[in-house]
There are 2 protein chains.
Amino acid sequence: MTDSQPMAAFRLHIAKKGLRHTKQREEILSALFSSKKHVTAEELFDILRSKVAGIGYATVQRNLNLLRECGLAEEVKIGNQKARYEPKRGKEHHDHLICLKCGRFIEVNDPRLEKLQDGLAKANGFAPLRHKLEIYGTCAKCA
Amino acid sequence: MTDSQPMAAFRLHIAKKGLRHTKQREEILSALFSSKKHVTAEELFDILRSKVAGIGYATVQRNLNLLRECGLAEEVKIGNQKARYEPKRGKEHHDHLICLKCGRFIEVNDPRLEKLQDGLAKANGFAPLRHKLEIYGTCAKCA
DNA sequence: CATCATGATGATAATGATTATCATTATCCA
DNA sequence: TGGATAATGATAATCATTATCATCATGATG
């Protein structure tokens, strides 16, 4: 099997930390990157049950956290709702437009935001690492 | 007692919804607006115990939600941590620089962000209502 | 001012998401 | 291949928040 780019990065991270490669980890990564929407741990768990006999919910959660650690997954959390995860390729960052009616997420990206972040931070003697911008409103379909 | 501006707004909201004015509500609002930092419900509860004999935790939580409803309080939530609340005067909006080391919140406000929000939204047929920007990094004291 | 319908409170249980525990299994290096 | 130990899976624990419910307080009414 030829490793996909994310899979290779995952293997590298695992090796660097002295962790082990497992079938579950492989499948979790694969399922996350195959998903077309932002999935919850539970949804991912349901998908994986049919592929990996006996896989446990805790394993999915644990490895989503691991993927988050190595920058391959990002968590999006709205209010007290269950966290959703999205695959992250490379270093590109994007923000979200979140529809309050249907819950849809629209991904957006604007380089001006990065500049604005740096400016705001610098003015306060703050060293920025990352940011999270969520714009709430109504999407076109729900208007 | 001369009502403060927020207290008047609170009374108005309560009246409009057919709710009742209570000593607890008054004290919760007052304590929130007296706090110098972003407080958790628990911290507010501890402050209030000495002022209002027998006040319950649930009452504080309930009324923080009520204050949020009528725009007098704003909730800030980082990861899985306990929610923090800040008093909100009028309609001014601000965002947060959040220090990953000491947990300090710095409030910032830049009108360019509002324009950026509107631009991003319009480009996606999205009607924006509000946004939340959190910039994570290291503050000057923790550098 | 007294009555009373009902909203609010306070104590506590319930909920729900996430994390910790632990016995067992699987990985992978020597 | 053996063995040290990380990972897994099942489940319990945790923790913040919300729901429940008996009792109390508010405020409109007479």
Side-chain angles (χ1 to χ4, degrees), chain A residues 7 10-31 38-70 73-85 103, chain B residues 7 10-31 38-70 73-85 103:
Chain A
M7 185 68 80
F10 194 23
R11 282 179 188 268
L12 187 63
H13 180 78
I14 286 172
K16 271 189 183 170
K17 293 196 67 174
L19 305 177
R20 293 171 181 171
H21 179 263
T22 66
K23 174 170 177 51
Q24 287 87 341
R25 286 191 167 145
E26 186 178 307
E27 293 289 350
I28 289 167
L29 175 67
S30 171
H38 298 71
V39 289
T40 63
E42 191 180 19
E43 288 166 351
L44 214 48
F45 175 55
D46 283 337
I47 292 170
L48 285 160
R49 306 180 77 151
S50 59
K51 295 184 180 170
V52 187
I55 193 170
Y57 187 86
T59 299
V60 176
Q61 282 264 24
R62 266 190 295 246
N63 284 297
L64 282 171
N65 288 342
L66 183 61
L67 286 166
R68 208 143 58 89
E69 257 183 50
C70 63
E74 187 168 341
E75 185 188 80
V76 186
K77 210 168 182 176
I78 307 303
N80 287 331
Q81 293 172 42
K82 202 171 289 197
R84 291 185 172 275
Y85 300 87
Chain B
M7 185 70 79
F10 194 24
R11 281 178 188 269
L12 187 62
H13 180 78
I14 285 172
K16 271 189 184 169
K17 293 196 66 172
L19 305 177
R20 292 173 181 170
H21 178 263
T22 66
K23 175 171 176 52
Q24 287 90 340
R25 287 192 167 145
E26 186 178 308
E27 293 290 350
I28 289 167
L29 174 68
S30 171
H38 298 70
V39 289
T40 63
E42 190 179 20
E43 287 165 352
L44 214 50
F45 175 56
D46 283 338
I47 292 170
L48 286 160
R49 307 182 75 150
S50 58
K51 295 183 180 171
V52 186
I55 194 170
Y57 187 86
T59 299
V60 177
Q61 282 264 24
R62 266 191 293 246
N63 283 298
L64 281 171
N65 288 341
L66 183 61
L67 286 166
R68 207 142 59 88
E69 258 182 49
C70 63
E74 187 168 340
E75 185 188 80
V76 187
K77 209 168 186 177
I78 307 302
N80 288 331
Q81 293 172 43
K82 202 172 289 197
R84 291 185 172 277
Y85 300 86

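So you know, we letter chains A, B, ... as the sequences are listed, proteins then strands, and number each from 1.
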*Rounded to whole angstroms, how far apart are CD on E27(B) and P on dA8(C)?*
18 Å
*Tell me, with the steps shown, if T59(B) and F45(B) meet side-chain contact (heavy atoms from CB on, under 4.5 Å).*
CA-CA 9 Å; T59(B) 299; F45(B) 175 56; over 6 Å; no
*Map Y85(B) and H21(B) onto DNA chain D by nearest heavy atom, then report which one ends up closer to the 5' terminus.*
Y85(B)
*asked:* Q24(B) vs L48(B), test: side-chain contact (heavy atoms from CB on, under 4.5 Å). Steps then yes/no.
replied: CA-CA 9 Å; Q24(B) 287 90 340; L48(B) 286 160; over 6 Å; no
*Report the distance from atom CD1 of I55(A) to atom CG of L44(A), rounding to the nearest 0.5 Å.*
8.5 Å
_From CD of E26(A) over to P of dA26(C), roughly how many Å is that when rounded to an integer?_
16 Å
*Figure out the CD1/P separation between I78(A) and dA17(C), and round it to whole Å.*
15 Å
*Specify the residue among L19(A) and Y57(B) whose closest nucleotide of DNA chain D lies further upstream toward the 5′ end.*
L19(A)
*Report which part of the nucleic acid A41(A) touches: base, sugar-phosphate, or nothing (heavy-atom distance under 4.0 Å, all strands).*
nothing
_Output the rounded distance in Å from NZ (K82(B)) to C1' (dT18(C))._
16 Å
*Side-chain N or O of T22(A) less than 4.0 angstrom from OP1 or OP2 on dA26(C)?*
no
*Nearest-Å distance, CD (Q61(A)) to C1' (dA17(C))?*
8 Å
*So how far is it from T40(A) OG1 to Q61(A) CD, rounded to the nearest 0.5 Å?*
9.0 Å
_The test is side-chain contact (heavy atoms from CB on, under 4.5 Å); show your working for K77(B) and K77(A) and say whether it passes._
CA-CA 10 Å; K77(B) 209 168 186 177; K77(A) 210 168 182 176; over 6 Å; no
*Taking R25(A) for its side chain and R11(A) for its backbone only, find out whether a donor-acceptor pair lies under 3.5 Å.*
no
*Looking at E42(B), E43(B), E75(B), which one forms a salt bridge (charged side-chain N to carboxylate O under 4.0 Å, His left out) with K82(B)?*
E42(B)
*Take atom NZ of K23(A) and atom P of dA26(C), then tell me their distance rounded to the nearest Å.*
13 Å
*Separation of R20(A) atom CZ from dA26(C) atom P, in whole Å?*
13 Å
*Closer to the 5' end of DNA chain C via nearest nucleotide, is it A58(A) or I14(A)?*
A58(A)
*With sugar-phosphate meaning primed atoms plus P, OP1 and OP2, does R25(B) contact a base, only sugar-phosphate, or nothing at under 4.0 Å between heavy atoms?*
sugar-phosphate
*Please state how far atom CG in N80(B) lies from atom P in dG16(C), giving the value in whole angstrom units.*
17 Å
*Does anyone know the first and last nucleotide of DNA chain D in reach of chain A, 5' to 3', at under 4.0 angstrom to a heavy atom?*
dA4(D) to dT18(D)
